[in-house]
Amino acid sequence: MAAAPPPRALPLLLLLLCAALSFRVAAAHGASAGGHGLGVNYGRVADDIPSPRRSVELLRAAGAGSVKIYDANPGVLRALAGTRWPVSIMVPNEIIPDIAASPAAADRWVADNLVPYYPATRVKFLLVGNEILSDYSIAKSTWPRLVPAMENIHLSFRKRGISSVKIGTTLAMDALADGAFPRPPSAAAFRPDIATSVVRPLLHFLNGTNSYYFVDAYPYFVWAGNNLTVPLDYALFQGGHTRYIDPGTGLTYTNLLDEMLDAVAIAMAKLGYGGVKLAVAETGWPNGCDYDQIGGNVHNAAIYNRNLGARMAKNPGTPLRPGAKMPVFVFSLYNEDLKGGPGTERHWGLYYANGTAVYEIDLTGRRPLWSYPPLPAPENNTPYKGPIWCVMSAAASKKLNETAVGNALSYACGQGNGTCDAIQPGKKCYLPNTTVAHASYAFNSYWQQFRKIGATCYFNNLAEQTIKDPSHGSCKFRRSLDS
């Protein structure tokens, strides 16, 4: 039997428990009122995620203060009605040219996608496009039409007497000439291909309408690409004595996100619009990743988002803009398993697709950090050095879709030089003659050939990386360390 606590320890323990409980109650109350916690990006590129109404419950449980979606989905907007959360909706990239060309088309979009839900759903931001300046394939068709599209929507708002909805667009950090990590921040500037032609007119519009420059800012990617020189703790808001002093401004930085945001603000100032407000459209940390990535784990994700919530609750601003208030949206509500690309793309959620929490979080920032339960230890904060293979995923093997796997296998075998020779009849990897075995060989053969130029082990959610050698008998799978 455990010894009884000393007489004074018990009241202290009860006090601490009551304090933690009061923060949880306050967080729940603040979430129901809306506007008091970090916002959340509610993406839906996933199988079998909870319904919009259940999603609202999960947002409330996490202490969300606002919601951002990537379209104007009627079911989602109806579910958000009456929540009092500020809501951000989005115009799809592909219709920007049409809206720019026609005020009538812009007004029809507003009439169809905003008016039926507003003001019962408290739409606060209408974002025209998502990271369009990162997509060079639409440079001619869409970039020059971004601001005209925004202007036409603004005309529609004025015609309809809508004054409380701000218009903006989301841009990635690659709008800056040095990308996500312009160090020092004082050296930051917008890319010359967009600075004068697109960004300056955009800033003029945002300044004239008192709106925000929405930036997607991910310290994770900066750290992952510079982990030998940028401390992990500095990226996670727990840098301790780690400081960076900008030699151009003399400003002192204690975390990576502040550097990134001030770089954007300085770049705006160089175009004559240093007073435009900033909003963080996306930020966060992945809770999982592939073997050839680093630092994507539950531990780091929880630390980043918890510290971000606690920090933003105090409205600290940045060293360049102390005390500035800014909307901040965490990415994302769910792990989205249908997103392509590397493993991090599918592991940003506060919740798994089945609605269970990845880790406990209070987005209001009111819950004391000490009150959270222990987190699993991170196991991939340094690069994995062993061999890696790409095979058909266990989930796809268990629930076999012959058509989807056949299409993926055909694609893999149609690329490269002799990609699938070994699984032809009579060859070393023909047996076992099963869809799963042949697909694993084909996926791996393709990935090993092309991974250095951007190929990923994904295949429409059919493949996954493994560190267990799938070779069998005389059938040898090429591995990542092979030349």
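By convention here, the first residue in the shown sequence is residue 1. Keep in mind the model is a prediction, meaning the values are calculated, not measured.
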Between [X] (side chain only) and [Y] (backbone N and O only), is there a donor and an acceptor less than 3.5 Å apart?
| X | Y | result |
| --- | --- | --- |
| N255 | D258 | yes |
| S445 | T419 | yes |
| N444 | C390 | yes |
| N300 | G295 | yes |
| R84 | A81 | no |
| R145 | S141 | yes |
| R479 | G386 | no |
| N207 | L203 | no |
| R191 | D174 | yes |
| D290 | D292 | no |

Heavy-atom pair of closest approach, residues [X] and [Y]:
| X | Y | result |
| --- | --- | --- |
| P319 | T252 | CG-O, 3.4 Å |
| L320 | D262 | N-OD2, 2.9 Å |
| Q448 | I388 | NE2-O, 3.0 Å |
| N152 | A101 | ND2-N, 4.4 Å |
| A188 | K270 | O-NZ, 2.8 Å |
| T142 | P97 | OG1-CG, 3.8 Å |

If you round to the nearest 0.5 Å, how far is [atom2] of [Y] from [atom1] of [X]?
| X | Y | atom1 | atom2 | result |
| --- | --- | --- | --- | --- |
| Q293 | E345 | CD | CD | 8.5 Å |
| R108 | N113 | CZ | CG | 12.0 Å |
| N93 | I138 | CG | CD1 | 5.0 Å |
| R243 | T254 | CZ | OG1 | 5.5 Å |
| L146 | L171 | CG | CG | 7.5 Å |
| Y212 | K166 | OH | NZ | 8.5 Å |

Inset, instruction - Begin with the C-alpha distance, continue with both residues' side-chain angles, and end with the deciding distance and a verdict on side chain to side chain contact (heavy atoms under 4.5 Å, CB included) for I49 and E336. - result: CA-CA 9 Å; I49 57 175; E336 298 177 80; over 6 Å; no
Taking C-beta and beyond as the side chain, do [X] and [Y] meet within less than 4.5 Å on heavy atoms?
| X | Y | result |
| --- | --- | --- |
| V87 | Y117 | no |
| R200 | Y273 | yes |
| W143 | S197 | no |
| L278 | R321 | yes |
| N335 | R346 | no |
| L127 | Y70 | no |
| F190 | L176 | yes |
| T169 | L202 | yes |

Inset, instruction - Take N381 and N297 through the side chain to side chain contact (heavy atoms under 4.5 Å, CB included) test and state the conclusion after the steps. - result: CA-CA 8 Å; N381 284 347; N297 55 65; 3.2 Å; yes
Legend entry - Residue from Y304, Y234, W285, F237 passing ring-ring contact (aromatic ring centres under 6.0 Å, His included) with W223: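 By the ring-ring contact (aromatic ring centres under 6.0 Å, His included) criterion, W223 pairs with just one of Y304, Y234, W285, F237: W285.
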Inset, instruction - Going by the ring-ring contact (aromatic ring centres under 6.0 Å, His included) test, name the single residue among F459, F450, W389 that passes it with F443. - result: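 Exactly one option meets the ring-ring contact (aromatic ring centres under 6.0 Å, His included) with F443, and it is F459.
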Taking the six-membered ring for Trp, are [X] and [Y] ring centroids under 6.0 Å apart?
| X | Y | value |
| --- | --- | --- |
| Y458 | W447 | no |
| Y411 | Y446 | yes |
| Y42 | W85 | no |

Inset, instruction - Mark yes when over 12 heavy atoms from residues, nucleotides or ligands other than D47 sit less than 6.0 Å from its CG; otherwise mark no. - result: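 Yes, because the 6.0 Å sphere around CG of D47 holds more than 12 heavy atoms from other groups.
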Legend entry - Trace of the side chain to side chain contact (heavy atoms under 4.5 Å, CB included) decision for F125 with I89: CA-CA 6 Å; F125 296 111; I89 64 176; over 6 Å; no
Inset, instruction - Before giving the answer on side chain to side chain contact (heavy atoms under 4.5 Å, CB included), spell out for M312 and L257 the whole-Å C-alpha distance, their side-chain angles and the decisive distance to 0.1 Å. - result: CA-CA 12 Å; M312 292 304 172; L257 181 63; 4.1 Å; yes
Inset, instruction - Say whether N41 and S332, considering side chains only, have a donor N or O and an acceptor N or O under 3.5 Å apart. - result: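 Judged by distance alone, the side chains do not pair up.
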Over 60° means perpendicular and under 30° means parallel, so tell me whether [X] and [Y] are parallel, tilted or perpendicular.
| X | Y | value |
| --- | --- | --- |
| F221 | W348 | tilted |
| Y334 | Y351 | tilted |
| Y218 | F331 | perpendicular |

Inset, instruction - Show your reasoning for whether side chain to side chain donor-acceptor pair (under 3.5 Å) applies to T170 and N130. - result: CA-CA 5 Å; T170 68; N130 187 45; 2.7 Å; yes
